Amino acid sequence: MAEQFYKDLPKVELHAHLNGSISSTTTEKLITKKPHLSDQHNMTVISRGQKRTLEECFEMFKIIHQLTVSDEDVFVVTKDVVKEFAADGVKYIELRSTPREEKSTGMTKKSYVSSVLEAIKQCKNEGVDIDVRFLLAIDRRNGPTIAMETVKLAEEFFRSSDGVVVGLDLSGNPAVGDGKNFIAPLQAGRNLGLKLALHLAEIPNQNEESEMLLSIPPDRIGHGTFLHPEVGGSQRLVDTVKKYRIPLELCFSSNVKSQTISSYDQHHFHYWYNLGHPCVVCTDDKGVFGTDLSLEYQITASTFNLSKTQIWDLSYQSINCIFAPESVKSDLKRRWNELKPGLFTQD
Ligand SMILES: CNc1ncnc2c1ncn2[C@@H]1O[C@H](COP(=O)(O)O)[C@@H](O)[C@H]1O
Ligand SMILES: [Zn+2]
């Protein structure tokens, strides 16, 4: 549990996968309806001090996906996840999720997205204090044809969701498939006005793929762990990211627990933060990695010795990286400034 300062700090969450963000309370709720999966419960979260390989994490997602197989499941999960982020002091979130179909329950990719959006709408109507936007995710293991279908679906909801659907994500096991196959669908999405948040260089030795994906260019980068030369990336990749000033979504617990990074102090936050490059602290999968955004900010502060003012600035700067329009950014900045005095008179 994070200290009160980090909980009270108003925060923006820009990298959260819906099915990776399910809390153990919600998992229990889902398992009650699916007793045959009851022995899977402890398979959905990596406990404190434990680690897995990234490959093992993707096995965990297969188990979690068995728990969310109907529109009702997706609706329940979205509502709970949104409320949990709000309770943690997150004021603006961009959730992302891969539309899935399930013949046995009649769930289609379209109804999946509708269920997510309905849950978001209900949270708003209930007065939950958080602005929620949504990115449709492309899972790289499903290939470019499905990716193009996802872009089409995103386009439909982009037009009809009153600004809630703002873009596309490229994710999934980075060791599967080739990123260059997704350039065309991603570019098509971009031409439609959808913003792009792409997982990039989450594992080593993907310089060629990273270079191609950066040429689009994306609006934000997920992880970017192996972009810089010190870890086998290249100066050219760094220069491209700097040239376009593409913000990085950084997820400490995710990278350490899935072992793409050996320890917190080795995290590439250090490299990019020292360059003055936009860095956004995120959770990735708060359920799987047993974390929340407050804790991720606290880890950032304690690992890199950042003052409360520096942490405040980090949170404030993240507002510049959201996909919602400028007017939303101004509103959030006003909100942050209103909350600031209360936060700094506590000690
Ligand atoms: C740990 N690092 C990661 N790297 C890449 N992709 C990840 C990921 N963590 C999650 N996902 C992606 O998000 C899906 C689960 O949420 P949704 O079913 O879409 O809501 C995973 O199946 C994977 O495609
Ligand atoms: Zn991710």
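Computation of the quantities below employed the complete heavy-atom set of this structure, encompassing side-chain atoms and omitting hydrogens, waters and symmetry-equivalent molecules. All values derive from a computational prediction rather than experimental measurement. Order of listing sets the numbers, starting from 1, for every ligand and every atom in it.
- The Zn ion (ligand 2) has His17 among its coordinating residues (N/O/S atom, backbone or side chain, under 2.8 Å).
- In this structure, atom 5 (C) of ligand 1 lies nearest to the protein heavy atom Gly172 O, 3.2 Å.
- Residue Thr98 has at least one N or O atom closer than 3.5 Å to an N or O atom of ligand 1.
- A centroid separation of 6.0 Å or more is found between the aromatic rings of Tyr273 and Phe304.
- Between Leu54 and ligand 1, no pair of N/O atoms sits closer than 3.5 Å.
- Residue pairs meeting the salt bridge (charged side-chain N to carboxylate O under 4.0 Å, His left out) criterion with at least one partner in residues 163-187, sequence neighbours excluded, are Arg96-Asp169, Asp178-Lys180.
- Annotation: cation-pi geometry not satisfied between Arg335 and Tyr92 (NZ/CZ under 6.0 angstrom from ring centroid, within 45° of ring axis).
- A salt bridge links Glu84 to Lys286: at least one charged side-chain nitrogen sits closer than 4.0 Å to a carboxylate oxygen.
- Only the side chain of Asp284 comes within 4.0 Å of ligand 1, counting heavy atoms alone; its backbone N, CA, C and O stay farther away.
- Ser104 is linked by a side chain to side chain donor-acceptor pair (under 3.5 Å) to Glu102, counting only residues two or more places apart in sequence or in another chain.
- Considering only non-hydrogen protein atoms, atom 18 (O) of ligand 1 sits nearest to His65 NE2, 2.6 Å.
- The Zn ion (ligand 2) lies at the vertex of an angle of 80° between the OD1 atom of Asp284 and the NE2 atom of His15 (rounded to 10°).
- When the options Ser97, Pro174, Ser253 are ranked by their closest heavy atom to atom 20 (O) of ligand 1, first place goes to Ser97.
- At least one cation-pi condition fails for Lys308 and Phe344: the charged atom is not both under 6.0 angstrom from the six-membered ring centre and inside a 45 degree cone around its axis.
- Considering only non-hydrogen protein atoms, atom 2 (N) of ligand 1 sits nearest to Glu202 OE2, 2.8 Å.
- Looking at ligand 1, you won't find any N or O of Ser254 less than 3.5 Å from one of its N or O atoms.
- Of the candidates Asp285, Asp169, Val74, Val288, the one placing a heavy atom closest to atom 9 (N) of ligand 1 is Asp285.
- Between the choices His17, Arg100, Lys62, Arg52, the shortest heavy-atom distance to atom 13 (O) of ligand 1 belongs to His17.
- Residues Glu3 and Lys7 are not paired through a salt bridge, judged by the lack of any N-O separation under 4.0 Å between the basic side chain and the carboxylate.
- The distance from the Zn ion (ligand 2) to the nearest N/O/S atom of His199 is under 2.8 Å.
- For ligand 1 and Leu18, the ligand atoms under 4.0 Å from any heavy atom of the residue are 20 (O).
- For His228 and His270, the ring centers sit 6.0 Å or farther from each other.
- Residues Glu202 and Thr225 have side chains that never bring a donor and an acceptor to within less than 3.5 angstrom of each other.
- Close contacts between ligand 1 and Phe289 involve ligand atoms 1 (C) [criterion: under 4.0 Å to a heavy atom].
- When non-hydrogen atoms are compared, ligand 1 lies under 4.0 Å from the side chain of Asp139 (C-beta onward) but not from its backbone.
- Ring to ring, His223 and His268 are not that close: their centroids are 6.0 angstrom or more apart.
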